[in-house]
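Below, each value reflects all heavy atoms present in this structure, side chains not excepted, and no hydrogens, waters or symmetry copies.
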Amino acid sequence: MTLFIVNLILLICAIKENVTLFKLSLFFIAMCFVLSFGRSYDWINYYDVYNSLSDYGFANLPFEPGLFWLMKAFDSIGLSYPILNGCIEAFIFYSIYHFCKNRENKSLTIFILFAIMGNTLLTEQIRQGLAFAIILRFYYLFEDDKKLKSVFIIIIAMFFHMSAVICFLFYPINKKQGMTGIVKFSFYCITFLLISYLLWLKPELVSSIGILYGKMVDYKNSYTEGFVSWSNLYESKVLIIYLAILVLVLIMRKKKKKVFGVQIDSSIKALIFMSLTKITVFFGRFQYFMLPVFAAGVDKYFTASSANRISIYKILLLLLLYFVSLTPFWSNTYVHSMNDPVYIFSSESDINRAINRRCAALHAYDKTNNAIIRCR
């Protein structure tokens, strides 16, 4: 119910921009996610690693070193995993605020971010959430074309999640090349997809790169449906909505092409990439890094086009995004966990009982998912 209410609040605030409502809504939502966690599933792996840090070291890191050494730092001063999670969420929301505050359409921007990533990076995938927050906090470097500094930021983000490497695509995305640039970028995306498929089939090709090789093997073992799940693709409501948003944005561009339509070209490129991510579970990890690009382009477009008026295009975009935000409620695997969080001061026994309920849900609704080690 929390996620449903949060999305509804953000939707209402985004219709008519108001700075006070933006700040109040962001503060309320931040408190919800700083003080509670445990929705969905990936967090279980992080919780178990945190409680067995002595089993790991340089030679056998459980994941990228950024979060691991952050865990070591918190553990060394006797802080619990819920406190660590709360601090990570606080940093993520700080980055969201910093990204949104200088946008003309602040509430629209936060709604775009939350509608697509709220159920993942804010509830379970905190390692990627940290990488995303680092990129988001310093996204202005990409907009200002500060290549050296932005490359450094990408490298830092990759210490938390390797998928941040996709942010190197920001450079061709942000080039204003019109429709030619959009076609060229589509080619880059398809090439990246084919390379990913090759590495999925033959991860030994990158065996000399330890972390990348380990990632490819882990993903291949965890997602037993294969690189492409045709049944999931056929049933993907999100893909249909992404394509609908893409069509809407293309119409918006054509409508104002001679004036400011190119302002939204970066958003079109981001949507093309995000739509391709729905082809494979493995590729899906990269989609979230396109959100700053998509949100920034949409903000520039509506700033130039509608001023203080409420645009019909904006209303349609908000409705489509709201349907995306309801994704967890379409899945038996996720819907139960959405209303069953644990809290920053929950006891270890409360957390373990929640984990047992998550494992039972996976066994009942998603038997092929081996990503959660404790639930195998």
Side-chain angles (χ1 to χ4, degrees), residues 33-34 36-92 119-134 156-164 209-223 281-282 284-285 288 333-334 337 340-363 366 369-376:
F33 285 90
V34 168
S36 67
F37 70 103
R39 302 170 184 87
S40 298
Y41 299 89
D42 278 18
W43 65 274
I44 298 171
N45 286 339
Y46 300 129
Y47 177 78
D48 286 340
V49 168
Y50 193 80
N51 289 325
S52 56
L53 287 172
S54 59
D55 295 341
Y56 303 98
F58 279 113
N60 64 332
L61 288 172
F63 34 69
E64 290 88 343
L67 180 57
F68 178 74
W69 290 111
L70 184 63
M71 286 181 168
K72 293 282 281 188
F74 271 70
D75 182 63
S76 68
I77 55 178
L79 296 177
S80 65
Y81 176 83
I83 298 296
L84 167 69
N85 190 90
C87 291
I88 289 172
E89 294 291 345
F91 175 69
I92 292 173
N119 179 50
T120 50
L121 304 192
L122 295 180
T123 59
E124 56 169 341
Q125 298 170 4
I126 58 169
R127 181 163 51 93
Q128 191 175 14
L130 270 171
F132 175 81
I134 292 167
I156 295 297
M158 287 172 63
F159 273 96
F160 289 89
H161 206 281
M162 285 292 292
S163 61
I209 308 175
I211 292 179
L212 181 57
Y213 173 71
K215 283 289 169 192
M216 297 303 301
V217 172
D218 286 344
Y219 281 128
K220 190 171 184 178
N221 292 335
S222 296
Y223 298 106
V281 173
F282 168 72
R285 290 283 183 161
Y288 304 111
T333 308
Y334 286 97
S337 69
D340 184 28
V342 288
Y343 299 92
I344 197 167
F345 298 117
S346 291
S347 66
E348 185 175 342
S349 59
D350 289 336
I351 295 172
N352 282 317
R353 281 194 291 270
I355 292 174
N356 290 336
R357 293 193 294 272
R358 301 294 181 274
C359 290
L362 279 181
H363 295 157
D366 195 2
N369 190 330
N370 292 319
I372 311 304
I373 296 172
R374 198 198 286 204
C375 299
R376 290 176 181 172

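Looking at F74 and C87, their side chains come closer than 4.5 Å, going by heavy atoms from C-beta outward. Counting heavy atoms from C-beta on, the side chains of I126 and I92 never come closer than 4.5 Å. You'll find the side chain of I373 stays beyond 4.5 Å of the side chain of D48, heavy atoms only. When side chains are defined from C-beta on, R39 does not count as touching D340, because their heavy atoms never get closer than 4.5 Å. Counting heavy atoms from C-beta outward, Y343 and P82 have side chains that stay 4.5 Å or more apart. Residues F37 and E89 form no side-chain contact, since every pair of their non-hydrogen atoms from C-beta on lies 4.5 Å or further apart. The closest side-chain heavy-atom distance from F160 to E64 is not below 4.5 Å. Between I351 and Y81, every side-chain heavy-atom pair lies at or beyond the 4.5 Å cut-off.
Within the 3.5 Å criterion, the main-chain N or O of F33 finds no donor-acceptor partner in the side chain of S36. With D42 contributing its side chain and I372 its backbone, the two residues share no donor-acceptor pair below 3.5 Å. Using modelled atom types, no side-chain atom of H161 and backbone atom of Q125 make a donor-acceptor pair closer than 3.5 Å.
Among all heavy-atom pairs drawn from A131 and A157, the shortest one is CB-O, 3.4 Å. Contact detail for G38 and V342: the closest heavy-atom pair is CA-CG2, 4.0 Å. Nearest heavy atoms, G57 versus F68: N-CZ, 4.4 Å.
Taken to the nearest 0.5 Å, the CZ atom of R374 stands 3.5 Å off from the CD1 atom of I355. Interatomic distance, CZ of R127 versus CE of M162, reported as 10.5 Å (0.5 Å rounding). In this structure, F91 CZ and L70 CG are separated by 10.0 Å, a value rounded to the nearest 0.5 Å. Considering CG of L84 and OH of Y46, their distance stands at 11.5 Å, rounded to 0.5 Å. From N51, atom CG reaches atom CG of D75 across 8.5 Å, with rounding to the nearest 0.5 Å. A distance of 7.0 Å separates CD1 in I88 from CE in M71, rounded to the nearest 0.5 Å.
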| field | Step-by-step side-chain hydrogen bond (donor to acceptor under 3.5 Å, both in side chains) determination, R357 to N352 | value | CA-CA 9 Å; R357 293 193 294 272; N352 282 317; over 6 Å; no
| request: Please report the C-alpha distance between I344 and N85 in whole Å, then the side-chain angles of each, then the deciding distance to 0.1 Å, and finally whether the side chain to side chain contact (heavy atoms under 4.5 Å, CB included) criterion is met. | output: CA-CA 8 Å; I344 197 167; N85 190 90; over 6 Å; no
| message | Under the criterion side chain to side chain contact (heavy atoms under 4.5 Å, CB included), I'd like the reasoning laid out for F63 against N45: C-alpha separation, chi angles, the key distance, then a yes or no. | response | CA-CA 11 Å; F63 34 69; N45 286 339; over 6 Å; no
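A distance of 6.0 Å or more separates the ring centres of F132 and Y288.
Judged purely by distance below 3.5 Å, without hydrogens or angles, the side chains of S347 and D350 pair a donor atom with an acceptor atom.
Other residues, nucleotides and ligands contribute over 12 non-hydrogen atoms within 6.0 Å of the OH atom of Y50.
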